[in-house]
There are 2 protein chains.
Amino acid sequence: MNLTPRPVDPTPLAHDRVYRQLRTRIMHGDIPPGHALTLRGIGKEYDVSMTPARESVRRLVAEGALSMSNSGRISTPLLSNERIEELAALRALIEVELASRALPRAHLALIERLQNINAKVAEAVAHRDAVSYIRTNLEFHRTLYLRAQAPAMLAMAETVWLQMGPTMNALYGRLRRTDPPHFHRLIIAALRAGDEPGLRLAVRSDVTQGLRMLAS
Amino acid sequence: MNLTPRPVDPTPLAHDRVYRQLRTRIMHGDIPPGHALTLRGIGKEYDVSMTPARESVRRLVAEGALSMSNSGRISTPLLSNERIEELAALRALIEVELASRALPRAHLALIERLQNINAKVAEAVAHRDAVSYIRTNLEFHRTLYLRAQAPAMLAMAETVWLQMGPTMNALYGRLRRTDPPHFHRLIIAALRAGDEPGLRLAVRSDVTQGLRMLAS
DNA sequence: CATGCGCTTTTGTGATCACAAATGAACGCG
DNA sequence: CGCGTTCATTTGTGATCACAAAAGCGCATG
């Protein structure tokens, strides 16, 4: 019986490493909308050949994190207002369901973790750090949704986050306010009270609040 | 002013052609769950080298249409009952919204088209042809949802269909009944009456009906 | 007959190269 | 000075190859 205690891959696949790093940067808004990328540039940046760069790009294009022109040029997507509205509606649909499924499993330790993350969110807002804000905000939501035990739904939600990443940065760049996140507190309060309708409303409000900045 | 009337690509990209054909086969349930594929096999089947085969597979894996073992082996996914429930819930969430958005734009010509498609669905059911049933059933839904003018949502819905494709065939293989699609008639009736709550209920019922076969 | 071992084959990964199309800049013409 | 043309450069695509790991298979052993 040769049971190796560590079946972890000692050599992480190159294309996967490139994919993961690019994905994180895009989701957190590190790359502005419409920014052009090249396969050779990516390969050079991550010290790999064109092949893994192409595979990671292909994957990110499939997830909507990058877009390709009909001639194959790669760039972060430029979202129309209609598409942003759609993505926000998808967030509302999926994340309200995820929160609802997480509610019966949300015990006190989780709520405390959410409060700690929320403090980091408030800090990022105070420092006007858009990338930190996006990252901690998503961490808040993901931490809650992980409790729903619904990996397919969570993956869908993350895909939507990914598509909005570059635009989110540009959007929150206009954000003048330094308020701590209001709806996050409502979410936590609803979790504590076991109030499902309140939770659904709070999540929906939090997810669609960014849309108001578009109207201006 | 050199405006070419046909900017269509005369040489369709190889990887895209392979991707599209594989995607269609998977979505329609042409490939059973757990079926193994190889890059060289795909390349040989579509008369391309490994490179386009790899890219199309990478894309399909990103969409959940195929799954890869940790050693890179490719196969259609074997869905657990929990995952099927999740995907059905996602269908319900997204497609109810799509139908709701399509309702105000649904005029008579659309309803007639839906009835024609529905006749083909009934024919497929009568012939016990699972693949035809899946194809025409999805055509029914897609035709309705296209009216919603919500491409991001439709893409999400199609991704869910894609993930369920192989399993759908196995599921409907157990279907003994030869009834014409009942809920499709309800959908059409609700569209005709402009009855939004009725439409939402009918779509939700149609989308989740397949789950009952799992309980048995 | 079941099981563990070793070998052959299969398979995915990544690098490199040739090629064609698109891009962009320099140039010249009106 | 504006604008179309031409050409060098950049860029994505697809094919091929070497390589290592995994899988499948047969054989010997208990």
Side-chain angles (χ1 to χ4, degrees), chain A residues 1-23 26 31 34-78, chain B residues 1-23 26 31 34-78:
Chain A
M1 189 197 307
N2 183 12
L3 70 92
T4 55
R6 291 277 179 175
V8 294
D9 214 331
T11 49
L13 264 26
H15 71 88
D16 204 57
R17 177 172 55 86
V18 174
Y19 163 76
R20 229 182 294 273
Q21 298 194 34
L22 271 178
R23 180 181 194 268
I26 294 171
I31 307 178
H35 184 80
L37 296 174
T38 65
L39 295 183
R40 287 170 177 88
I42 294 169
K44 189 170 184 180
E45 183 172 355
Y46 294 98
D47 199 49
V48 294
S49 77
M50 283 175 59
T51 310
R54 248 203 296 188
E55 296 196 37
S56 58
V57 164
R58 191 70 64 191
R59 197 168 162 189
L60 289 164
V61 169
E63 296 178 316
L66 293 174
S67 66
M68 284 182 74
S69 75
N70 49 14
S71 71
R73 297 305 174 91
I74 310 154
S75 63
T76 49
L78 280 170
Chain B
M1 192 195 302
N2 183 10
L3 71 90
T4 55
R6 290 278 179 173
V8 295
D9 213 332
T11 50
L13 263 26
H15 70 90
D16 204 56
R17 178 172 55 86
V18 175
Y19 163 76
R20 229 182 294 273
Q21 298 195 36
L22 271 179
R23 181 181 194 266
I26 294 171
I31 308 179
H35 185 80
L37 297 174
T38 64
L39 296 181
R40 287 171 177 86
I42 294 170
K44 190 170 184 180
E45 184 172 353
Y46 294 98
D47 198 50
V48 295
S49 77
M50 283 175 60
T51 310
R54 248 204 297 186
E55 296 194 38
S56 58
V57 164
R58 191 69 65 190
R59 195 168 163 189
L60 289 164
V61 168
E63 295 177 317
L66 293 174
S67 67
M68 284 181 73
S69 75
N70 49 13
S71 71
R73 297 308 173 91
I74 309 153
S75 64
T76 50
L78 281 169

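Proteins get letters first, then strands, A, B, ... in listed order; numbering begins at 1 in each.
Summarising the geometry, the separation between CG on A/Leu37 and P on D/dT11 is reported as 11 Å, rounded to the nearest angstrom. Atoms NZ (B/Lys44) and C1' (C/dT10) sit 13 Å apart, rounded to a whole Å. Note: CD (A/Glu55) to C1' (C/dA15) measures 12 Å, nearest angstrom. A/Arg58 has its CZ atom 17 Å from the C1' atom of C/dT13, to the nearest Å. Between A/His15 atom NE2 and C/dA15 atom C1' the separation is 14 Å, expressed in whole Å.
Contact annotation: the side chain of A/Glu55 approaches that of B/Arg54 to within less than 4.5 Å [non-hydrogen atoms, C-beta and beyond]. The shortest distance between side-chain heavy atoms of A/Ile74 and A/Thr38 does not fall below 4.5 Å. Contact annotation: the side chain of B/Arg40 approaches that of B/Met50 to within less than 4.5 Å [non-hydrogen atoms, C-beta and beyond].
Residue B/Met50 places its side chain closer to D/dT16 than to any other of D/dT16, D/dT13, D/dG14. The side chain of A/Leu13 approaches C/dG14 more closely than any other nucleotide in the set D/dG14, C/dG14, C/dA15.
Dashed line: the shortest gap from a side-chain N or O of B/Arg40 to OP1 or OP2 of C/dT9 is not under 4.0 Å.
For C/dG14, its base sits under 3.5 Å from the side chain of B/Arg54 at one donor and acceptor pair at least.
Within the nucleic acid shown, A/Ile42 has no heavy atom closer than 4.0 Å to any nucleic acid atom. Within 4.0 Å of A/Thr51, counting heavy atoms only, lies at least one base atom of the nucleic acid. A/Met68 comes within contact range of the sugar-phosphate backbone alone, with a heavy-atom separation under 4.0 Å but no base atom that close.
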Every protein N/O lying under 3.5 Å from an N/O of nucleotides 21-23 of chain D:
none

